[in-house]
Undergrad: 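Please read through the structure below; I'll follow up with questions.
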Amino acid sequence: MRMMNRKMAFRGLQVSDFIHSQELAARDSLVNSPAGKKFVKTFGDLNLKLYKTITEGTYVRLQPQAAPSLFRILKDVCRILDYREAQLPEIYVYHAMDHTMRPCSADHTYIVMADYVLHSYDEDMLYYILGNAVTMILAGHVKMTTAAAYMGASRLLLLPQLEFKRYLHYADATSDRGGLLACQSFAAAARCHLFELGLPPAESRKLFSTDEQAAAFVTQYIKEAESGGQKNNLMTDLAAKWIRANYIEAPGEEMLKDLLDWYQTEYPALLQKYRGT
């Protein structure tokens, strides 16, 4: 469904306006260590070697005429977030049943997404996830997300992997905030996160339609998740540590809680700051 209201543009927007408070420290800790530099270079070099094979094989470049609505949204997201490059990022798709959309880079930056996203996300949700991807570009996350694409389950350089994932947790939180600025709908942002946690968009749309309803639903969801965890603290703690050690993203409810907190505290002030620019 097409959004009826033109979204506010943040002219002159700086990532420093909404960056997660711990992202820069985590990035500096990673890139300033010899092991961290070696880790990023290893997977960055691998990307350069695999770029042509993957983009000409596994990935298929999506042309604007094949998905005009998607490119219309991408163009509008770039307007909203004040992305000033002369050309829009290229979009590549691959066939998979997951929620992936991320920017990568070899000789230029491009966005990679699973075709499942095109089939499953409505327009509000596409604003959010494309805003998330464009924010990664604006915030300088692309080199790291490119390395993440090829990291997989490798046990090489285990310690810098953990530092790398710690950085990505905070970087993802920053990108989530940019996604919210792009879609300007906490309901859409929440539905994207809840979809990753197993709640289909059609069902979440039945449960809430406004930002206020979404915030109330997410608050209750987090409360129940935390309450359930308190009943078995040892297992919950072990599970959280296992997720952090083996997955690139932080636990889903943790990311959702961070976004809710930011939406309720700093987001309104940021809207007010840029209103009328």
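The basis for the numbers below is simple: all heavy atoms, side chains too, and nothing from hydrogens, waters or symmetry mates.
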Undergrad: Could you state the interatomic distance from CD1 (Ile111) to CG (Leu70), rounded to the nearest 0.5 Å?
TA: 8.5 Å
Undergrad: Go through it in stages, so that I can follow the logic: the residues are Val117 and Leu126, the test is side chain to side chain contact (heavy atoms under 4.5 Å, CB included), and I'd like the CA-CA distance, side-chain angles, deciding distance and then a yes or no.
TA: CA-CA 8 Å; Val117 171; Leu126 286 172; 3.9 Å; yes
Undergrad: For Tyr121, give me all partners under side-chain hydrogen bond (donor to acceptor under 3.5 Å, both in side chains), at least two apart in sequence or on another chain.
TA: none
Undergrad: Roughly how far, to the nearest 0.5 Å, is CG of Leu74 from CZ of Arg79?
TA: 12.5 Å
Undergrad: Compare all side-chain heavy atoms of Leu270 with those of Glu266 and state whether any distance is below 4.5 angstrom.
TA: no
Undergrad: Could you give the distance from OG (Ser175) to CD1 (Ile129), rounded to the nearest 0.5 Å?
TA: 11.5 Å
Undergrad: If you measure from CG on Leu118 to CE on Met113, what distance do you get to the nearest 0.5 Å?
TA: 3.5 Å
Undergrad: If we ignore hydrogens and angles and just use 3.5 Å, is the side chain of Gln184 paired with the main-chain N or O of Met8 as donor and acceptor?
TA: yes
Undergrad: Only counting residues at least two apart or in another chain, list the ones meeting side-chain hydrogen bond (donor to acceptor under 3.5 Å, both in side chains) with Gln220.
TA: Glu224
Undergrad: Test of understanding: clusters of I, L, V, M, F, W, Y form through side-chain heavy atoms closer than 4.5 Å, transitively. Do Val77 and Met136 belong to the same one?
TA: no
Undergrad: Taking side chain to side chain contact (heavy atoms under 4.5 Å, CB included) as the definition, give me every residue that meets it alongside Ala216, ordered by chain and number, with sequence neighbours left out.
TA: none
Undergrad: Just say parallel, tilted or perpendicular for the rings of His141 and Tyr167, cut-offs at 30° and 60°.
TA: perpendicular
Undergrad: For Tyr170, check side-chain hydrogen bond (donor to acceptor under 3.5 Å, both in side chains) against everything at least two apart and list the hits.
TA: Gln22
Undergrad: Looking only at atom types and distance, does a side-chain atom of Lys7 sit under 3.5 Å from a main-chain N or O of Cys183, one as donor and one as acceptor?
TA: yes
Undergrad: Provide the closest heavy-atom pair for Ile137 versus Pro89 in the form atom of the first, atom of the second, distance.
TA: CD1-CG, 4.0 Å
Undergrad: When you compare the side chain of Leu259 with that of Met255, does any pair of heavy atoms fall below 4.5 Å?
TA: no
Undergrad: Work out which heavy atom in Pro268 is nearest to a heavy atom in Trp262; give both atom names and the distance.
TA: CD-O, 4.5 Å
Undergrad: Does Leu24 have any side chain to side chain contact (heavy atoms under 4.5 Å, CB included) partners at least two apart in sequence or in another chain, and if so, which?
TA: Ile19, Arg27
Undergrad: Once salt bridge (charged side-chain N to carboxylate O under 4.0 Å, His left out) is applied, what residue pairs with a partner in residues 175-186 remain, sequence neighbours excluded?
TA: Arg177-Asp258
Undergrad: Considering only heavy atoms from C-beta outward, does the side chain of Phe10 approach that of Asp82 to under 4.5 Å?
TA: no
Undergrad: Could you give the distance from CD (Glu90) to CZ (Arg61), rounded to the nearest 0.5 Å?
TA: 3.5 Å
Undergrad: Would Thr219 and Lys223 count as a side chain to side chain contact (heavy atoms under 4.5 Å, CB included) if you check the C-alpha gap in whole Å, the side-chain angles of each, and the deciding distance to 0.1 Å?
TA: CA-CA 6 Å; Thr219 299; Lys223 181 179 179 181; 5.6 Å; no
Undergrad: Please report, to 0.1 Å, the donor-acceptor pairs under 3.5 Å made by any side chain of residues 197-212, with sequence neighbours excluded.
TA:
unit_1	atom_1	unit_2	atom_2	d
Ser204	OG	Arg191	NE	3.0
Ser204	OG	Pro201	O	3.0
Arg205	NH2	Asp122	OD2	3.0
Ser209	OG	Gln213	OE1	3.2
Thr210	OG1	Gln213	N	3.1
Asp211	OD1	Phe186	N	3.0
Asp211	OD1	Ala187	N	3.1

Undergrad: Of all heavy-atom pairs between Leu256 and Ala190, which one has the smallest distance, and what is that distance?
TA: CD1-CA, 4.2 Å
Undergrad: Does some side-chain heavy atom of Leu13 sit less than 4.5 Å from a side-chain heavy atom of Ile80?
TA: no
Undergrad: Please name the pair of heavy atoms, one in Ser120 and one in Phe195, separated by the smallest distance, quoted to 0.1 Å.
TA: CB-CE2, 3.7 Å
Undergrad: Keeping the roles fixed (side chain from Asp115, backbone from Ala96), state whether a donor-acceptor pair exists under 3.5 Å.
TA: yes
Undergrad: Asp17: which residues meet the side-chain hydrogen bond (donor to acceptor under 3.5 Å, both in side chains) condition with it, sequence neighbours left out?
TA: Lys273, Tyr274
Undergrad: Once you round to the nearest 0.5 Å, how far does CG of Leu62 lie from OH of Tyr92?
TA: 11.0 Å
Undergrad: Decide yes or no on side chain to side chain contact (heavy atoms under 4.5 Å, CB included) for Ile73 and Glu123, but give the supporting numbers first.
TA: CA-CA 8 Å; Ile73 295 171; Glu123 182 163 307; 3.6 Å; yes
Undergrad: Excluding sequence neighbours, so at least two apart, what forms side chain to side chain contact (heavy atoms under 4.5 Å, CB included) with Glu85?
TA: Tyr83
Undergrad: With under 30° as parallel and over 60° as perpendicular, where do the rings of Tyr263 and Tyr267 fit, or are they tilted in between?
TA: tilted
Undergrad: Could you go through the salt bridge (charged side-chain N to carboxylate O under 4.0 Å, His left out) check for Asp76 and Arg72 one step at a time?
TA: CA-CA 6 Å; Asp76 200 29; Arg72 172 181 58 80; over 6 Å; no
Undergrad: Shortest non-hydrogen contact from Leu81 to Gly131?
TA: CD1-O, 3.7 Å
